[in-house]
Amino acid sequence: MGYQFDFSMVIKILPVLWRGVIVTVELTIACLAVGLILGFFVALLRVSPAAPLRFVGRAFVEIFRNIPALIQLIWFFYAFPIVIGAQLSPFVAAVLGISLNTAAFSAEIYRSGIQSIERGQWEGAMAIGMSRAATFRRVVLPQVFRRMLPAFTNRAVEVAKVTSLASVLSVHELMYQGRVLSSTFYRPLEILTTVGLVYLVMIYPMTWASAAMERRMRRRA
Amino acid sequence: MQQYEWDFGAVLAYWPMLLQGLWGTVAISVLAIILGILGGGLVATLRMSRHTPLRVIGTIYVEFYRNTPGIVHFFWVYYALPVVANVNLGPLEAAIIALATQSSAFYAEVLRGGIQSIGKGQWEGATALGMSHTEALRRIIVPQAARRMVAPFVERSFEIIKTSSLASTLAYGELLYQGMQVASITYRPLETYTLLALIYFLLLYLLSSLAKLAEDRLQEV
Amino acid sequence: MNDTPTPDTGAPILRSVGLRKSFGSLDVLKGIDLDVKRGDRIAIIGGSGSGKSTLLRCLNFMERPTGGQVILDGERIGDARVAKDGSETITYRERDLMAVRKRVGMVFQQFNLFPHMSTVENVMEGLVTVLRRPKAEARERAAQELARVGLGDKLDVYPGRLSGGQQQRVAIARALAMDPEVLLFDEPTSSLDPELVGEVLRTILSLAEDGRTMLLVTHELGFAYRFATHVIYLSDGVVHETGTAEEVFRNPQRDKTRAFIARSSEFSL
Ligand SMILES: Nc1ncnc2c1ncn2[C@@H]1O[C@H](COP(=O)(O)OP(=O)(O)O)[C@@H](O)[C@H]1O
Ligand SMILES: [Mg+2]
C-alpha cells in the first residue's frame, strides 16, 4: 500500500470541474424540460380512447425505455445525422437522446398519475357541468402534478446521472472533465473520487427532497 | 437531399462479432445480477440492523450508489481501485465489480422496501405466537414480501442489463463495444447502431414479456 | 331563490319515458316512466343493486341511457334517428349533456370534492369555469351558499381537514351554487358516521322548505317519509310501486313493497 492521497490535486482541479458542473446542470435542465413536456403528450397518447394513438404512445415508451441510454446517445450522434443529412453538435445529440429517454419514463409517471385519480373526481366535475377538457385541466392535472412530484424529482435525479454519458460524445460536462484530467495528471484516484463526490453533492439534495415529500404525503394520507 | 442507400448486409456480414458481443453482455449481466443479489442481501441486512453503526454504513453505501452516475463507478473501479488496492484489473473484472457493487445497492433497496411494506401487525402476530425475530422474518414476513418484490426486482435487473453497455467505455467486448468495432470497419454507423438498438430492444422486450408472464403466474397462486 | 311554484302545479320539469339502461348483457333499468314536477321531492327506495343509482345517473347523463327518453323542461335530450325498420336510436352530444348537468345537480355518496381546492374554491369552480362568472362575484356567491349549509367559517379550509358531514355539506353547497332546477342525491349519508348523518339530513330538509325540486336515493326510510312528497319503490329495474309518501309507507299495495318496508328495521314513522 503506502499510496499518498494528494489533496492538493483535488484543490487544483476544482476550477475545471466547476466548468463541467455548469454544463452538467445545463444539460440536466434542458433534457428535463424537453422530456417532461414531450412526455406529457406521449402520456396523452397513452390514455387516448383511440386505439391507434394508444399504440403509438406505447411504442414510443417501450422503444425509449428498453434501449440503453448510451446507445440512444451514440445513435443520435453517429447515426441520426446520416438520416437527416446534417451534422449535430455533441450537446444537441446528447439533449435529443436524453430527452426522448426522459420523455418515455415521464410519460409513464403522468399516465399512472392520471389513472390514479379516482373516477369520483371526474364525476364530481361533470355533475356541475364541466367539460372533459376542463375537468382534465382543472381537476385531474393539478392533482397528478401534486401526487407525482416525488416521482418527477426521482426522474430529475436519473436525468442528472444520465447526463454523465454525454462524456462519451465529448460534451464538456463533469464526467468528461474528470476523464480528461485523470488521464492528464495520472491521478485517477484523487480525480475520479472527487468527481464522484461532486455528483453526490449535486444530486443528493434532490433524492432527499423526493423522500421527504413522499414521507409527508404518506403522513397526510 | 440525396437518398441514403441503406445496407444492413454489410453490417450483418460481421454477425459473429455481434454475437460475441451479445454473449459478453449476457455474461456480465448474469454475473452482476447473481453477485448483486448476494451483495444486496448483505447491504439490506446492514441497513435494517439494530446497531446504528452498521445501519449507517449500509445507508451510506446505498446513498452513494443512488446519487452518483454509473459511469463514474466503472471508471473508478478500472482506474482508481487498482491504485488503492494495488491490484491489476482487466476490463471484464472491472466491469463486473462496478456493476455488481452498484446493483447490490439497488437490490438492497428492493429487499428493504419489500420487507418494510409488510405491516407491523404481521410481526406482532408472529411474535405473539412465540416466534423469534429470525423465525418471523423467514416464515411470515419474507414469503409475503417476496411477491411484492418481484416487479421492482425485475425492473432493477433490466437496468443492470442496460447499464452493462457502459462496459464498452472500458473497452470490454460487450454488444456496444463490438458494435462500435463493426461500425468503424464497415463505415456504416447508421445501420450498425440501429441494429444494436433493435437487438437491445428485442432482448429486453422479450425478457419483460417473460417476466410479466411469470409475475401474473405468481400473483395467481 | 328559484321561482319555484308550490308542488304539483304546471308541467313536469323532468320526465323519463321508457328509460332503459343495460351494461353489456345486464339489463339494469327496464323501462322507467317518471314525472317530476317543480317542487316535487321524490324518494327512491329499493334493495341494493336494484338500479337506484343508475336511474339517477341516467337522469343527468353521468350514464347514457340505452333506450327511452329523458325530457327536461319539455325538451327531449339527444338526437333521435329513425332507422329504416322504424326503430329509433338516440345519440347524445357531449355539449348537450353538459347543458343538462348545469340544470340538474348531483350530490354523491362519496362527496367527490376536489382535494386540491379549498372549500370556497370547490363551490366557486362551477360558477367560474362553467357559468363564466367573474371570480369576485363567484366567491361571494360561494360564501353565501356555504353559510347556508352552516360552513360560513370554513371558506379557506381544505376538504381533507373537514369531517365527512361537513364535506357532504360543502358538496351540497357546490351543487346549489349552480342554481340547479333539479337536485339529485345518491345516498348522501351512507358513507357517514352515524353521529354525522343528522346534520346532513337537516341541511337537505332545509332545502325542502325552500321548495327545491329534489330526487333522493336513500336507505333511511324514516327520513324519506318526512322528506318526500312522492316515493318510488324500485325493484328489478322497474317501478314496482309509486305514490305519495303517505300511500307507499302507510299503505303499500303490493306484497314486495310491504316486505321491503318491514325489513328496514330502523324504519319508524
Ligand atoms: N358501470 C357499470 N358497469 C357494469 N355494471 C354496473 C355499472 N354500474 C352499475 N352496474 C350494475 O347495475 C346494477 C344496479 O346498480 P346500481 O344502480 O348501483 O344499484 P343501487 O344503486 O340500487 O344499489 C348492479 O348490478 C350493478 O352491479
Ligand atoms: Mg347505489
Starting at CG of A:L192, measure out to CD1 of B:I71 and round the result to the nearest 0.5 Å. 10.5 Å
Ignoring hydrogens, what is the shortest heavy-atom contact between B:V72 and A:G196? Give both atom names and the distance. CG1-CA, 3.9 Å
For B:Y65, is it the side chain, the backbone, both or neither that has a heavy atom under 4.5 Å from a heavy atom of chain A? backbone
How about A:V201 and B:N67: do any of their side-chain heavy atoms sit closer than 4.5 Å? no
So which residue, B:L166, B:L175, B:T192, ends up with the most heavy-atom pairs under 4.5 Å with chain A? B:L166
Assess whether atom CZ of A:F55 is packed by more than 12 heavy atoms of other residues, nucleotides or ligands within 6.0 Å. no
CZ (B:R55) with more than 12 external heavy atoms under 6.0 Å: yes
Minimum heavy-atom distance B:R66-A:V157, with the two atoms named: O-CG1, 4.2 Å
Would you find more than 12 non-hydrogen atoms of other residues, nucleotides or ligands less than 6.0 Å from B:W15 atom CH2? no
When only pairs under 4.5 Å are counted, which of B:L81, B:I199, B:L196, B:T194 shares the most heavy-atom pairs with chain A? B:T194
Tell me, do B:V83 and A:P188 make a side-chain contact under 4.5 Å, heavy atoms counted? yes
Should B:T163 and A:P68 count as side-chain neighbours, where that means a heavy-atom distance under 4.5 Å? no
Among B:G179, B:A197, B:S164, B:G70, who wins on heavy-atom pairs under 4.5 Å with chain A? B:A197
Per-residue contact mode, B:L202 against chain A (heavy atom under 4.5 angstrom): neither
Largest heavy-atom contact set with chain A, pairs under 4.5 Å, which of B:F75, B:F158, B:Y78: B:F75
Are A:T193 and B:W76 packed together at the side-chain level, in the sense that at least one heavy-atom pair is separated by less than 4.5 angstrom? yes
Roughly how far apart are B:T68 OG1 and A:M202 CE, rounded to 0.5 Å? 12.0 Å
Yes or no on side chain to side chain contact (heavy atoms under 4.5 Å, CB included) for B:L176 and A:I74, after CA distance, side-chain angles and deciding distance? CA-CA 10 Å; B:L176 175 55; A:I74 288 178; 3.9 Å; yes
Separation between CZ (B:F74) and CE (A:M175), nearest 0.5 Å, reads 11.0 Å
Roughly how far, to the nearest 0.5 Å, is the CZ atom of A:R65 from the CD atom of B:E155? 7.5 Å
Contact class of A:R179 relative to chain B, heavy atoms under 4.5 angstrom: side chain
Side chains of B:Y79 and A:L189: closer than 4.5 Å at any heavy-atom pair? no
Given a strict heavy-atom distance threshold of 4.5 Å, which part of A:S167 is in contact with chain B: side chain, backbone, both, or neither? side chain
I need the A:N66 CG to B:F201 CZ distance, nearest 0.5 Å. 5.5 Å
Quick one: CH2 on A:W208 to CD on B:E63, what's the gap to the nearest 0.5 Å? 12.0 Å
Heavy-atom side-chain proximity of A:I71 to B:Y193 below 4.5 angstrom: no
